[in-house]
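Report on one structure; see the data block that follows.
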Amino acid sequence: MTPFVFNTSKSIQFGAGQLGKLGALARGQIGTRVMLITDPGMIRTGIVERALSVLEVAGVAVEMFSDVQADPPEEVILAAVDQAKAASVEGIIGLGGGSSLDVAKLVSVLVLGQETLKTMYGVGNAKGPRLPLILVPTTAGTGSEVTPISIVTTGTNEKMGVVSPVILPDVALLDPELTLGLPPHITAATGIDAMVHAIEAYASASANNNPLSRMLATEALTLMGRSVLKAVHEGSDIAARSDMLLGSMLAGQAFANSPVAAVHALAYPLGGHFHIPHGLSNALVLPHVLRFNAVTAPQAYAELAPFVFPDLAKLEGQARAAAFCDRLAELSAACGLQQTLRAMNIPEDFLPRLASDAMNQTRLLVNNPRELTEADALAIYRAAY
């Protein structure tokens, strides 16, 4: 068997009502003074207020940072670091979607002053140490609570990644009740995002593609395949919400160790230039990238198809892989997501710039099961247009 490495969060605690444990966890893992990192939208949901109440009862003082933006820019992260230093916090709690969790992971390292953000970019460059860290996801999408990855927007439209096991949290606290209020469009975009994580992890050309990641990917797709439409259209269904949150986490573990590829590489320029949410960016290019890959590497998609769409088991080989690509596009549409770049008001003459920028995502493109050139990227964007 080929050697591999598998890293994940030290402790994963899952179940409805788990937010009630946050105070005791904070006291045990961190101490009595924490920074809670979240975003303005979370403040409006009432979830932050519930978290603050639980922490207060446990005797934990909270320094709030609630200025996280989607696709967080460097200046937001550095502002949180400055505030955490001034407050002399003992540890960090991230509460919210992937952006809040990504910021929390970086702040936990940077607040100690031994590294800079710019030196942390890339794979394995963040060395630590860090402050104690607890992550509480409120969307079923990024899996950030179990990934050693934080994505940062640098300049005006480029994204960079910090990839290091140092930023895996001490505790990932997953409470599906926190996802009950997610609007359908966010549920859909984050759900498809999580499914992309599992699909790309399973098919990854990474040398670290491994049996654990593949096993987690298939279980994630089983859970999400049966529940994503119900979670979108019947958002109060706690069973569907539980499937999606657990599936998202399992997919996060999978791609944290068997990295994603061209779907993400082509999605990032859409978010960077046009501020399209990451999950929707993935959904827009997903079937087109998979069809491109399936020409020379159909086996992984043929193997995955029945986990999401059990009726596809009756097909075989290339036919099953092709049907899988088509059905994923149909699923995205049934979730209510936009299906074309044209519908997102992206100018057609901008497609060459997107293709050029996608080629900068070398850490992702090396994992694609089929080599992808700039001309291929442009053809995929045109297919998605």
Side-chain angles (χ1 to χ4, degrees), residues 69-76 98-99 121 141-142 151-161 185-186 188-193 195-197 199-200 203 259-297 301 322 325-385:
Q69 304 170 23
D71 302 313
E74 291 178 325
E75 56 265 27
V76 166
S99 294
Y121 290 136
T142 67
I151 303 298
V152 182
T153 300
T154 61
T156 55
N157 53 43
E158 187 178 1
K159 295 187 179 185
M160 296 284 284
H185 70 283
I186 296 178
T190 54
I192 296 297
D193 184 27
M195 295 179 76
V196 171
H197 292 155
I199 293 165
E200 290 211 287
V260 293
V263 176
H264 277 71
L266 271 67
Y268 280 143
L270 296 175
H273 287 289
F274 297 100
H275 306 292
I276 298 171
H278 175 63
L280 177 54
S281 296
N282 273 334
L284 287 165
V285 299
L286 171 64
H288 309 288
V289 173
L290 265 55
R291 288 176 184 133
F292 170 82
N293 290 340
V295 171
T296 60
Y301 305 144
C325 299
D326 293 342
R327 290 284 290 276
L328 285 170
E330 293 168 9
L331 179 63
S332 174
C335 286
L337 295 176
Q338 295 280 18
Q339 296 300 295
T340 66
L341 302 185
R342 182 185 295 105
M344 301 307 299
N345 298 315
I346 295 172
E348 189 171 8
D349 61 6
F350 201 84
L351 299 186
R353 173 66 186 277
L354 292 174
S356 175
D357 285 0
M359 300 314 293
N360 293 329
Q361 299 294 331
T362 52
R363 74 175 179 88
L364 304 176
L365 291 173
V366 295
N367 303 316
N368 204 54
R370 180 183 177 188
E371 185 178 355
L372 186 143
T373 67
E374 187 171 333
D376 295 326
L378 180 56
I380 290 169
Y381 283 128
R382 284 182 171 147
Y385 196 75

Are Asp357 and His273 close enough, and set up right, to give a side chain to side chain contact (heavy atoms under 4.5 Å, CB included), and what steps lead you there?
-> CA-CA 10 Å; Asp357 285 0; His273 287 289; 2.5 Å; yes
Output, in order, the C-alpha distance, side-chain angles, deciding distance and verdict of side-chain hydrogen bond (donor to acceptor under 3.5 Å, both in side chains) for Ser332 and Gln339.
-> CA-CA 8 Å; Ser332 174; Gln339 296 300 295; 3.0 Å; yes
Side chain to side chain contact (heavy atoms under 4.5 Å, CB included) assessment of Leu270 paired with Leu341 | CA-CA 9 Å; Leu270 296 175; Leu341 302 185; 4.0 Å; yes
Run the numbers on Thr142 and Ile151 for side chain to side chain contact (heavy atoms under 4.5 Å, CB included), then give the verdict.
-> CA-CA 11 Å; Thr142 67; Ile151 303 298; over 6 Å; no
Could you check Ile192 against Asn282 for side chain to side chain contact (heavy atoms under 4.5 Å, CB included), going step by step and ending with a plain yes or no?
-> CA-CA 8 Å; Ile192 296 297; Asn282 273 334; 5.5 Å; no
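Below 30°, between 30° and 60°, or above 60°: for Phe274 and Phe350 the angle between ring planes is above 60°, a perpendicular geometry.
Here the closest heavy-atom approach between residue Ala329 and residue Arg291 is recorded as CB-NH2, 4.2 Å. Of all non-hydrogen atoms in Arg342 and Tyr385, the two that sit nearest each other are NH1-O, 3.0 Å. Closest of all the heavy-atom pairs between Lys159 and Asp71 is NZ-OD1, 2.7 Å. Closest approach of Tyr381 and Leu266 over heavy atoms only: OH-O, 2.7 Å. Considering all non-hydrogen atoms of both residues, Glu371 and Phe292 come closest at O-CZ, 3.5 Å. Considering all non-hydrogen atoms of both residues, Pro72 and Ser99 come closest at CD-OG, 3.5 Å.
Atom OG1 in Thr153 sits 9.0 Å away from atom CD in Glu75 (nearest 0.5 Å). Atom-to-atom distance recorded for Asn345:CG and Thr340:OG1 is 9.5 Å, nearest 0.5 angstrom. Between Leu286 atom CG and Asp193 atom CG the span is 10.5 Å, to the nearest 0.5 Å. Note that the CE atom of Met359 and the CG atom of Leu378 stand 11.5 Å from one another [nearest 0.5 Å]. Note that CD of Gln338 is 8.0 Å distant from CG of Leu284, once rounded to the nearest 0.5 Å. Once rounded to the nearest 0.5 Å, the distance linking CZ of Arg327 with CG of Leu331 reads 9.0 Å.
Counting only heavy atoms from C-beta outward, the side chains of His264 and His278 approach each other to under 4.5 Å. Considering only heavy atoms from C-beta on, Val196 stays 4.5 Å or farther from Val260 through its side chain.
Checked by atom type, the side-chain pair Asp376/Thr373 shows a donor-acceptor distance below 3.5 Å.
If you run side chain to side chain contact (heavy atoms under 4.5 Å, CB included) between Ile380 and each of Leu351, Val289, Leu354, only Val289 comes through.
The main-chain N or O of Ala262 is never found under 3.5 Å from a side-chain atom of Gln361 such that the two would form a donor-acceptor pair. Distance alone, capped at 3.5 Å, is enough to place a donor-acceptor pair between the Asn367 side chain and the Arg363 backbone. Checking side-chain atoms of Glu200 against main-chain N and O of Ala261 turns up a donor-acceptor pair under 3.5 Å.
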